[in-house]
Chemist: 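One structure, pasted below without further comment.
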2 protein chains.
Amino acid sequence: MLHALSDPVRLRIVRYLAAAGEDLACSVFDLPVSKSTTTHHFRVLRENGVIRQCYRGTAKMSTLRRDDLERLFPGLLDSVLTAAARQADRLGG
Amino acid sequence: MLHALSDPVRLRIVRYLAAAGEDLACSVFDLPVSKSTTTHHFRVLRENGVIRQCYRGTAKMSTLRRDDLERLFPGLLDSVLTAAARQADRLGG
DNA sequence: GCCGTACTACGATAAGCATCGTATTACGGC
DNA sequence: GCCGTAATACGATGCTTATCGTAGTACGGC
């Protein structure tokens with residue numbers, strides 16, 4: 001799980017999902033990697049229990065499993081998210 | 001930082017340190033890896049700002065940088081520690 | 001000065017992982 | 001049926017990293 005979040009691309013995906021607060025199709029993510037690599041990262045997140053995926057038409061929707069994560073690792077996701085946001089601010093400003 | 005904590009050996013070291021609440025010599029750790037590998041992991045933790053090290057006689061003491069981590073990543077360390085403890089319980093019982 | 005303990009440095013190795021391109025599957029619209 | 005879009009599967013590649021053994025450094029006790 002920590003490993004799943006320790007990659008910058010994956011952390012970015014999780015931040016997108018958390019900010020959106022709803023299901024998102026893989027295609028809406030603006031990531032600095034190729035399509036195949038994106039698929040790979042989504043798979044890692046899914047296999048580590050961070051997200052859930054389901055098809056809706058031709059799009060594959062991804063959901064953050066907030067509740068499950070909160071049960072297994074209380075407070076962890078929020079800590080990571082706020083820390084990541086802070087770090088992004090620091091680098092951006 | 002997440003990467004530093006995402007290795008089981010390193011997480012174990014951090015847990016030891018947190019539980020002890022004081023400086024510990026590298027040698028007191030009972031880790032399932034060789035001496036060289038232990039040194040390597042301590043180096044990773046140090047270079048990622050998780051611990052601080054200083055010599056005391058022939059022993060090299062390691063300290064957890066709780067305050068610094070708390071400032072940069074509020075709540076993260078505690079979340080990780082409690083989650084790790086819980087997971088250890090689950091596997092042990 | 002010599003030895004033992006504690007740790008580091010270095011080189012080697014094997015495994016893991018992020019990345020890519022291409023081919024393939026699945027679905028909806030025409 | 002055909003095409004475009006969305007995503008996966010697969011194989012390849014190159015970098016990172018975890019691991020080890022051996023050799024070396026630093027320090028304290030005798």
Side-chain angles (χ1 to χ4, degrees), chain A residues 1-20 22-65 76 80 83-84 87-88 91, chain B residues 1-20 22-65 80 84 87-88 91:
Chain A
M1 149 74 169
L2 280 174
H3 166 249
L5 294 181
S6 70
D7 180 274
V9 175
R10 287 196 291 269
L11 188 52
R12 196 154 153 181
I13 293 175
V14 172
R15 294 225 294 142
Y16 266 113
L17 281 173
E22 57 176 358
D23 300 13
L24 290 180
C26 295
S27 52
V28 309
F29 291 88
D30 183 28
L31 298 173
V33 293
S34 77
K35 224 101 196 291
S36 344
T37 308
T38 301
T39 299
H40 162 70
H41 286 305
F42 273 98
R43 179 214 283 261
V44 174
L45 286 174
R46 173 165 34 89
E47 291 183 347
N48 281 85
V50 180
I51 63 172
R52 193 183 291 115
Q53 295 184 301
C54 63
Y55 283 99
R56 186 179 308 166
T58 126
K60 188 163 203 172
M61 311 305 285
S62 297
T63 324
L64 196 55
R65 298 175 62 179
L76 212 167
V80 172
Q87 196 155 7
L91 294 179
Chain B
M1 149 76 166
L2 280 174
H3 166 250
L5 294 180
S6 70
D7 180 275
V9 175
R10 287 196 290 267
L11 188 52
R12 196 154 153 181
I13 294 176
V14 171
R15 295 225 292 142
Y16 267 113
L17 281 173
E22 56 175 358
D23 300 13
L24 291 180
C26 295
S27 52
V28 310
F29 291 87
D30 183 28
L31 298 172
V33 293
S34 77
K35 226 99 196 293
S36 343
T37 308
T38 301
T39 299
H40 163 69
H41 285 305
F42 273 98
R43 180 214 281 261
V44 173
L45 286 174
R46 175 164 35 88
E47 291 183 347
N48 281 85
V50 180
I51 64 172
R52 193 183 290 115
Q53 292 184 303
C54 65
Y55 281 100
R56 184 178 310 164
T58 127
K60 187 162 204 171
M61 312 304 286
S62 297
T63 323
L64 195 56
R65 298 175 62 178
V80 171
Q87 196 154 7
L91 295 180

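These numbers come from the heavy atoms of this one structure, side chains and all, not from hydrogens, waters or symmetry mates.
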Chemist: For A:H3 and A:V33, take the nucleotide of DNA chain C holding the closest heavy atom to each; which residue's nucleotide lies nearer the 5' end?
Modeler: A:H3
Chemist: Rounded off to whole Å, could you give me the CG-to-P distance for the B:L45 and C:dT8 pair?
Modeler: 12 Å
Chemist: Checking side chain to side chain donor-acceptor pair (under 3.5 Å) against A:H41, which of A:R46, A:R12, A:R10 comes through?
Modeler: A:R10
Chemist: Can you find a side chain N or O atom of A:T37 that sits less than 4.0 Å from OP1 or OP2 on C:dC20?
Modeler: yes
Chemist: Could you check B:Y55 against A:T38 and say which one's nearest nucleotide on DNA chain C is further toward the 5' end?
Modeler: B:Y55
Chemist: Measure the distance from NZ on A:K60 to P on D:dA6 and round it to the nearest whole Å.
Modeler: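 Between P of D:dA6 and NZ of A:K60: 15 Å.
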Chemist: Is the phosphate of C:dT5 approached by B:T58 (side-chain N or O, under 4.0 Å from OP1 or OP2)?
Modeler: no
Chemist: Would you say the base of D:dG21 and the side-chain of B:S36 have a donor-acceptor pair closer than 3.5 Å?
Modeler: yes
Chemist: Side chain of B:A59 only, heavy atoms from C-beta on: which candidate in D:dA6, D:dT8, C:dA6 is closest?
Modeler: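 The listed nucleotide nearest to B:A59's side chain is C:dA6.
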Chemist: Contact class for A:R56 vs. all strands (heavy atom < 4.0 Å): base, sugar-phosphate, or nothing?
Modeler: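 If one applies the 4.0 Å heavy-atom cut-off, A:R56 turns out to touch nothing in the nucleic acid.
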Chemist: Give the minimum heavy-atom separation between B:L17 and B:S62, together with the two atoms involved.
Modeler: CD2-O, 3.4 Å
Chemist: For the side chain of B:T39, starting at C-beta, report the closest nucleotide among D:dA6, C:dC7, D:dT19.
Modeler: C:dC7
Chemist: Could you check how far NZ of A:K35 sits from P of C:dT24, rounded to whole Å?
Modeler: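 Interatomic distance, NZ of A:K35 to P of C:dT24: 18 Å.
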Chemist: Please check: side-chain N/O of A:N48 versus main-chain N/O of A:V50, any donor-acceptor pairing under 3.5 Å?
Modeler: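 A pair under 3.5 Å: no.
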Chemist: Nearest whole angstrom, please: distance from the C1' of C:dA6 to the CG of B:L24.
Modeler: 15 Å
Chemist: Taking 4.0 Å as the cut-off, does a side-chain nitrogen or oxygen of A:H41 come that near to OP1 or OP2 on C:dC17?
Modeler: no
Chemist: Hey, is the side chain of B:R43 poking within less than 4.0 Å of OP1 or OP2 on C:dC7, counting only N and O atoms?
Modeler: no
Chemist: Tell me the interatomic distance from A:E47, atom CD, to D:dA9, atom P, rounded to whole angstroms.
Modeler: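 Taking CD of A:E47 and P of D:dA9, I get 10 Å after rounding.
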Chemist: How long is the line joining CZ of A:F42 and P of D:dA9, in whole Å?
Modeler: 14 Å
Chemist: What are the two closest heavy atoms between B:F29 and B:I13, and how far apart are they?
Modeler: CE2-O, 3.7 Å
Chemist: Testing A:K60, A:R65, A:R56 for salt bridge (Lys or Arg N to Asp or Glu O under 4.0 Å) with A:D23, which one passes?
Modeler: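 Output: one option passes, namely A:R56.
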Chemist: Round to the nearest Å and state the distance from A:R12 atom CZ to C:dT19 atom P.
Modeler: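 Between P of C:dT19 and CZ of A:R12: 11 Å.
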Chemist: Less than 4.0 angstrom between a side-chain N/O of A:S34 and OP1 or OP2 of C:dC20, yes or no?
Modeler: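 For A:S34, the contact criterion (side-chain N or O under 4.0 Å from OP1 or OP2 of C:dC20) is met.
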Chemist: Just the rounded figure in Å: distance from P of C:dT19 to CG of A:L31.
Modeler: 10 Å
